[in-house]
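For clarity, every value in this text was computed on a predicted model and none was experimentally measured. Residue numbers start from 1 in every chain, and the chains themselves are labelled A, B, ... in the order their sequence lines are given, proteins ahead of strands.
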2 protein chains.
Amino acid sequence: MPLKAPADFSELNEIMKTPRQTDSDASHEDRAKAIRDTLRDAIVDRRLSPGAKLSEAEVGSLYSVSRTIARSALQMLAFEGLVTSERNKGAFVSNPSPEEARQIFTSRRLIETGILQSAAENMSAEDFAAFREQLKKEALLKEDHGAKARREEIKVSGDFHLMLAEVAGNAILKKFMEELIGRSSLVIALYGKTGTSSCGSDDHFGILEALEAGNLDQATKMMLHHINHIEADLDLRPQSSLSLKDALQL
Amino acid sequence: MPLKAPADFSELNEIMKTPRQTDSDASHEDRAKAIRDTLRDAIVDRRLSPGAKLSEAEVGSLYSVSRTIARSALQMLAFEGLVTSERNKGAFVSNPSPEEARQIFTSRRLIETGILQSAAENMSAEDFAAFREQLKKEALLKEDHGAKARREEIKVSGDFHLMLAEVAGNAILKKFMEELIGRSSLVIALYGKTGTSSCGSDDHFGILEALEAGNLDQATKMMLHHINHIEADLDLRPQSSLSLKDALQL
DNA sequence: ACCAATAACATTGTATACAATAACACATTT
DNA sequence: AAATGTGTTATTGTATACAATGTTATTGGT
C-alpha cells in the first residue's frame, strides 16, 4: 500500500491519511514550518522513502497552500539534509550514501559526548523523572510489534537523545543534534539490518543510571557504545539494490 | 541606479560599494545563494552592524532581483543564525546575547577538538603546505593596521579553522563549523575588547607545528587554549550600550 | 498640551502569472 | 531499426499583485 505507484498516484498522497496536528491555532504562526514538520515526520518514519519526489505543486495542493509555502518548507528540509533539491529538477527525499551515514555517526559520537558532559552538570530531579517517563514510553513501543509501533520507536528513541541535548542547555548543540537525529533516522530506515530496535532502550536506561549515579565516565562510555551499536546495526556495504531503486525513483 | 531609497539612507546601501564577485557565470546558478554570500560577508565584516534591518524590498532592489529571491537569501541566513527574522516585522542582523556567545565557543571547543583529531589522521604534505601559505596571509594582514585589513583578518583567521574542517573530511562537521565560524565572527565584531587581532596567527602556527610533529595532544591543548583566548578577549558582561543601540536599530 | 482613536502608510505574507528549463514522445532521416 | 531532431508537456525559477499586519502620523477630544 505505501508502495509508490507508477504514473500519477504519488507516494506523497499517503501522508494525507495521517492525522494532521493542531491545524487551527499553531499553524497560522508559520505554515511553512508546520508543513516542514509533517514532511520531516513522514521522511523519518519512512512513509516517504528516499528518492521520492516532492513536487512543489503536489505538496502545496496537499496542504492547500501555494507553491510559495511548499517551496519554503522544502528549502528548510534541504538545509537539514533530509531533502536534496536539484535545480530545475525538483526536491527529493535524500538518499544518504554509506559514507555520509558514517559521518553522521562520527559526528554524533563527538557531539553527544559533549552534550552528556553538560547534561550531567545540569540534571535536576525533575529531569531524571522525565527521562524515566520517556524510557517507559520506549519500553511500551518495544513490546508492540506492529509496523506502526516500529516507526514510532525510531522517533521516540531519538527523543531520548534530544532530551539530553535540551538538558545540556546549549541551544546550538541542540540544533546540531536535531539535524543529526533526523538524518540518523533516515539512515537507519535506509540501511537498518535487523527488524529489532536499533536503538535499544536498555542502552538508554544504562546511560541514565550512570548519570544518576554521578558517573560521567561510565555514562560516556555507554553512550559511545550505544552509538556504535546503532551504527553496527546498519548494512553500509556498497548498495546494489539501491541504485536500481534510485533508477526508478521518479 | 538600483538605489530606491527615498527618505532614510540605510546602512544596507553601503555594501553596494564593495566590489561584487563574479556576477556573470556563477550567479545564474543560484542567485539567492550569491546574495546570501555577499550579505554574509557584509555581516561578518561588520559592514552591517547587529540590529540592522534587512528589508526584503531593499535587498531585492540592491541586487536587482525580486523580493522572492531576497527573501530566500534572508531565510538562508536565518538558518545560519546570522539573521533573525520576526514575523511581520522583517529580518535583522542578529544581535547574539552573551549567553549565546558562550554557547558558540563551548560548541567550538567540542567540535574543533574532534575535527583536529580527524584532520591529524588525514593531513598530507600538500595540506601542510597550504596551511603554511594561509598563515603567511594572516601574518601580512596583521602587519597592515588599516580598518579594512582588520576586517579581512577576522575572516581569514576563520579560514584556518575551516581548512582544518575541510581536511578532516567530515562534511557534516564542516557544515557545523561554517555556521560556528560565521557566528563567531559576528560575536567577535560585537563584543571584541581589544583592537588587536582576537585570533592570533601565532596560535595557529603553534597548532600547525604540533600537528606536523604528530603531537595530537599538544595540538588539541593549543586549540583549546586558542579558543579560550578568543573568548577571553570578549567583553560579555551584561551590555548597556547595546540595548540603547537596539532601541534605535530601526 | 496631552492622550486616544483612527486613518494613512510601509512592510511582510501569500497566491498567482509568466518565463525558463528539462523530460518525454513522436516523427523524420539515414 | 537506430539515431537524431523537434515539438509538446510538465515542473521549476522568478516576478508581481494583492492581502494581512505593523507602524506612524494625524485628528479629535479633554
Exercise for the section: Indicate whether OP1 or OP2 belonging to dT23(D) is found under 4.0 Å from a side-chain N or O atom of Lys53(B). Expected result: no
Handout entry: Closest listed nucleotide, where the reference is the side chain of Arg71(B) and the choices are dT12(C), dT21(C), dT16(C)
Key = dT12(C)
Practice task
Using only heavy-atom distances, decide whether a donor-acceptor pair under 3.5 angstrom links the side-chain of Ser55(A) to the base of dT12(D).
Solution key: no
Problem - Between Glu138(A) and Gln134(A): side-chain donor-acceptor atoms closer than 3.5 Å - result: no
Exercise for the section: Would you mind reading off the distance between Ile69(B) atom CD1 and dA15(D) atom C1', rounded to a whole angstrom? Expected result: 9 Å
Problem - Nearest-Å distance for atom pair CD/P, residues Gln75(A) and dT12(D) - result: 14 Å
Problem - Pairwise side-chain contact, Leu180(A) with Phe105(A), heavy-atom cut-off 4.5 Å (strictly under) - result: no
Exercise for the section: Indicate whether OP1 or OP2 belonging to dG13(C) is found under 4.0 Å from a side-chain N or O atom of Arg31(A). Expected result: no
Problem - Proximal nucleotide (of dT21(C), dT16(D), dT14(D)) relative to the Arg87(A) side chain - result: dT14(D)
Fill in the blank from the handout: Taken to the nearest whole Å, CD/Glu86(B) to C1'/dT23(D) is 14 Å
Exercise for the section: By nearest nucleotide on DNA chain C, pick out whichever of Val65(A) and Gly90(B) is the more 5' one. Expected result: Gly90(B)
Practice task
Describe, in one word, how the ring planes of Phe160(A) and Phe131(A) are oriented to each other, choosing from parallel (under 30°), tilted (30 to 60°) and perpendicular (over 60°).
Solution key: perpendicular
Exercise for the section: Look at Arg67(B) and dT12(C) and indicate whether a side-chain polar atom (N or O) is within less than 4.0 Å of OP1 or OP2. Expected result: no
Handout entry: Salt-bridge present (Arg102(B), Glu231(B); N to O < 4.0 Å)
Key = no
Problem - Rounded distance (Å) that lies between atom P of dA10(C) and atom CD of Glu56(B) - result: 17 Å
Handout entry: Sequence-distant partners of Glu56(B), salt bridge (charged side-chain N to carboxylate O under 4.0 Å, His left out), two or more places apart
Key = Arg67(B), Arg71(B)
Practice task
Provide, to the nearest angstrom, the distance between the CG atom belonging to Leu74(A) and the P atom belonging to dT11(D).
Solution key: 14 Å
Problem - Between the first and last five pairs of the helix from dA1(C)-dT30(D) to dT30(C)-dA1(D), the angle of the axes, rounded to 10 degrees - result: 10°
Handout entry: Residue pair Asp41(B) / Thr38(B), side-chain donor-acceptor N/O under 3.5 Å
Key = no
Completion exercise
Rounding to 0.5 Å, atoms CZ (Arg183(A)) and CD1 (Ile43(A)) come to a distance of 12.0 Å
Exercise for the section: Find the distance Lys89(B):NZ to dG13(C):P and express it as a whole number of Å. Expected result: 11 Å
Practice task
Examine dT14(C): is either OP1 or OP2 under 4.0 Å from a nitrogen or oxygen in the side chain of Thr68(A)? Give yes or no.
Solution key: no
